[in-house]
Amino acid sequence: MTNSLIAVVLAGGKGTRLYQLTKRVAKPAVEFAAKYRLIDFSLSNCVNSGINTIGVLTQYESTFLNSYIGNGEKWGLNGLHSLMTAIAPKQTDEGASWYKGTADAIAQNIEWIDSMYPENVLILSGDHIYKTTFNDMFWRHTTNDADVTISVIEVDPKEAPRFGIMVADDDDHITEFQEKPKNPKSNLASMGIYMFKWKTLRKLLLEDMKDENSSHDFGNDIIPKMLERNMKVFCYRYNGYWRDVGTIPSLHAANMDIIDGKFNLNSIRDDDRIYTQDTYSLPHYVGKRGTSITSSIANQGAVILGKVNYCVISSDVMIDYDTVCDHCVIMSNVHIGKNSKVRNAIIAPGVWIGDNVSINQDGDEIILVASNMESQVQ
C-alpha cells in the first residue's frame with residue numbers, strides 16, 4: 001500500500017486487570033498462545049496487509065517492549081522500503097508528558113506522521129487478538145471517500161453495554177455513537193480500529209489539543225465531534241474472531257479458544273501468518289511413563305512428564321512426573337514439580353511450583369498464579 005496508508009499501534013497500555021502479568025511489562029507484551037505476545041497480532045495483520053510503515057507508541061513499562069519491537073526484523077520491516085519504529089512520549093521544554101488519551105497519543109506524534117507523508121492513517125490497539133488483513137477495509141474506506149472508517153463487530157446484545165456502540169444505516173454510514181450505553185440501539189461494537197484521512201484527522205487533533213474540556217479520546221471526543229459536523233463516518237463490519245483480553249478470565253478463555261478451534265492459528269499461508277520471536281529452544285519432549293497430552297498445545301523447549309489436558313504450554317516449561325494440569329495456561333520458564341495438581345489457572349512466566357502442590361482443584365473461577373509455591377505434604 002506504500003504510504004497511501006501507514007499504521008500507528010497504540011501499545012502503551014498498563015493492563016491493571018491482568019495484575020502481576022503486567023507488573024513489569026506493558027500489556028501488549030504479555031505472552032499468549034504458547035509462543036506469541038499480544039502485540040504480534042496487530043503487527044502481523046499490518047504486514048500481511050502490505051502496510052510497510054508502522055509506528056508503535058509505547059509508554060508504560062516500555063523497556064522490554066521497545067527491545068522486543070527492535071527494528072521490525074521479526075515482522076520483515078527492517079528493509080530499505082519499510083519501517084517499524086517504537087516511539088515513546090517525548091520530553092519538551094514544558095516537561096515530560098504521558099499520553100492523556102488515545103487521540104492525545106496520536107496528536108503528540110503529528111510531526112512523525114507528517115514525515116511519512118501519508119494520505120491515510122490506520123490506528124490500532126496493540127493488545128487485541130484477531131487475524132485479518134486490512135485491504136478490504138481500505139478499499140471500502142477509499143471508495144466511500146470516508147473521513148474515517150471504524151471497524152465494528154456484532155456482539156451479543158446483552159454484552160453491548162460494555163462497548164462503544166455504533167448505529168449505522170444500510171450503507172454502513174454511522175449515524176450515532178453510544179459510549180457504553182445502558183440501552184444500546186444496536187449491537188455493532190467498535191473494535192478500536194480506525195482508518196482516517198490524515199488531513200482530516202490532523203485538523204481535528206490540533207483543535208482537540210486546545211480543548212481543556214476534552215478527554216482527548218477517539219471514542220469520547222473525536223468521533224462524536226465528526227458526527228456532529230456531518231463528516232463521512234463509515235463502519236466496516238468484521239466477521240472473524242476478535243477478543244480484547246483485558247482480564248485474567250478473558251485471557252484464559254482466548255487461549256482455550258485456540259484449543260477448541262474457535263480461533264485458528266494453524267494456517268501457515270503467507271497472507272495470514274502471525275510472526276513472532278523464535279526462542280531457539282530445544283524441541284519439546286514428552287516422556288513415556290504415565291504421560292498423556294489431550295487437547296493441548298506445547299511450544300518448543302517444553303518437557304512434559306505428567307498429564308496435561310486442555311493446556312497451553314509455553315517454551316521451556318517443565319511439568320514433572322505424576323503431575324496433572326487441567327485447563328491451564330502455563331507461560332514460559334515455569335517449573336511444576338512432581339505429583340502436583342493444577343486446574344483452571346494461568347501460571348505467570350518464571351514461576352516455580354514445588355512437589356505435591358494442589359492449586360484450584362475445587363474452583364471454577366480462573367486464577368492467576370504469579371509467585372512461587374513451595375512443596376506441600378499431602
Should V56 and F64 be counted in the same cluster of Ile, Leu, Val, Met, Phe, Trp and Tyr side chains packed under 4.5 Å apart? yes
Looking only at the side chains, is there a donor atom on one of D278 and Q300 sitting less than 3.5 Å from an acceptor on the other? yes
Linking I/L/V/M/F/W/Y whenever their side-chain heavy atoms sit closer than 4.5 Å, directly or via other members, would Y310 and M331 fall into one cluster? yes
Crowded around D169 CG? As in, over 12 foreign heavy atoms under 6.0 Å? yes
Side chain to side chain contact (heavy atoms under 4.5 Å, CB included) assessment of Y130 paired with Y238: CA-CA 10 Å; Y130 62 115; Y238 176 74; 3.9 Å; yes
If the threshold is 4.0 Å, N to carboxylate O, is there a salt bridge linking E228 and K225? no
Using a 3.5 Å distance criterion without hydrogens, assess whether the side chain of N360 forms a donor-acceptor pair with backbone atoms of E365. yes
Between S44 and Y275, is there a donor-acceptor pair closer than 3.5 Å when you use the side chain of the first and the backbone of the second? yes
Under a single-linkage definition using a 4.5 Å side-chain heavy-atom cutoff for Ile, Leu, Val, Met, Phe, Trp and Tyr, are V324 and I297 assigned to the same hydrophobic cluster? no
Salt bridge or not for K27 and D244, using N-O below 4.0 Å? yes
What pair of heavy atoms forms the shortest contact from I54 to C46, and how long is it? CD1-CB, 3.5 Å
With distance as the sole criterion, is a donor-acceptor pair present between the side chains of T276 and Y68 under 3.5 Å? yes
Mind listing the closest non-hydrogen atom pair of A33 and I258 along with its distance? CB-CD1, 3.3 Å
Please walk me through it: do H216 and D221 pass side chain to side chain donor-acceptor pair (under 3.5 Å)? CA-CA 6 Å; H216 310 292; D221 305 287; over 6 Å; no
Would you say H252's side chain and H327's backbone share a donor-acceptor pair under 3.5 angstrom? yes
Step by step, work out the side chain to side chain donor-acceptor pair (under 3.5 Å) result for T294 and N309. CA-CA 5 Å; T294 54; N309 176 52; 2.7 Å; yes
Does T247 use its side chain to pair, donor to acceptor, with the backbone of R17 at less than 3.5 Å? no
For a ring pair (Phe, Tyr, Trp, His ring centres under 6.0 Å) check, start with the C-alpha distance between F32 and F41, then their side-chain angles and the critical distance, and finish with the verdict. CA-CA 10 Å; F32 179 76; F41 292 84; 5.7 Å; yes
E119 with K197: basic N within carboxylate O range, under 4.0 Å: no
When you group the ILVMFWY residues by side-chain heavy-atom contacts below 4.5 Å and let the links chain together, are M137 and W139 in the same group? no
Is the number of heavy atoms from other residues, nucleotides or ligands under 6.0 Å of W352 CH2 greater than 12? no
Using side-chain heavy atoms (C-beta onward) and a distance below 4.5 Å, is R202 in contact with I110? yes
Tell me, with the steps shown, if Y285 and I304 meet side chain to side chain contact (heavy atoms under 4.5 Å, CB included). CA-CA 6 Å; Y285 173 77; I304 303 169; over 6 Å; no
List the steps, then state whether side chain to side chain donor-acceptor pair (under 3.5 Å) holds for T133 with N48. CA-CA 6 Å; T133 60; N48 293 334; over 6 Å; no
Can you check ring pair (Phe, Tyr, Trp, His ring centres under 6.0 Å) on F177 and F218, steps first, answer last? CA-CA 11 Å; F177 171 73; F218 284 115; over 10 Å; no
Pair S332, E31: side-chain N/O donor-acceptor within cut-off below 3.5 Å: yes
Tell me whether M116 shares a hydrophobic cluster with L206, the cluster being built from Ile, Leu, Val, Met, Phe, Trp, Tyr side chains joined at under 4.5 Å. yes
State whether R343 and D364 are salt-bridged, where the test is any N-O pair (Lys NZ or Arg NE/NH1/NH2 against Asp/Glu carboxylate O) under 4.0 Å. yes
Hey, does the Lys NZ or Arg CZ of R289 hover above the aromatic six-ring of Y321, less than 6.0 Å from the centre and inside 45° of the axis? yes
What I want to check is whether the side chains of N45 and T132 have a donor and an acceptor closer together than 3.5 Å. no
Donor-acceptor contact below 3.5 Å, side chain D260 vs main chain K262: no
Distance-only side-chain donor-acceptor flag, N299 / Y36, under 3.5 Å: no
Looking only at side chains, do Y241 and R243 share a donor and an acceptor under 3.5 Å apart? yes
Donor-acceptor pair, side chain of K14 and main chain of T22, under 3.5 angstrom: no
Check ion pair E207-R229 (N to O, under 4.0 angstrom): yes
Would you check if there is a donor-acceptor pair between the side chains of D217 and T102 at a distance under 3.5 Å? yes
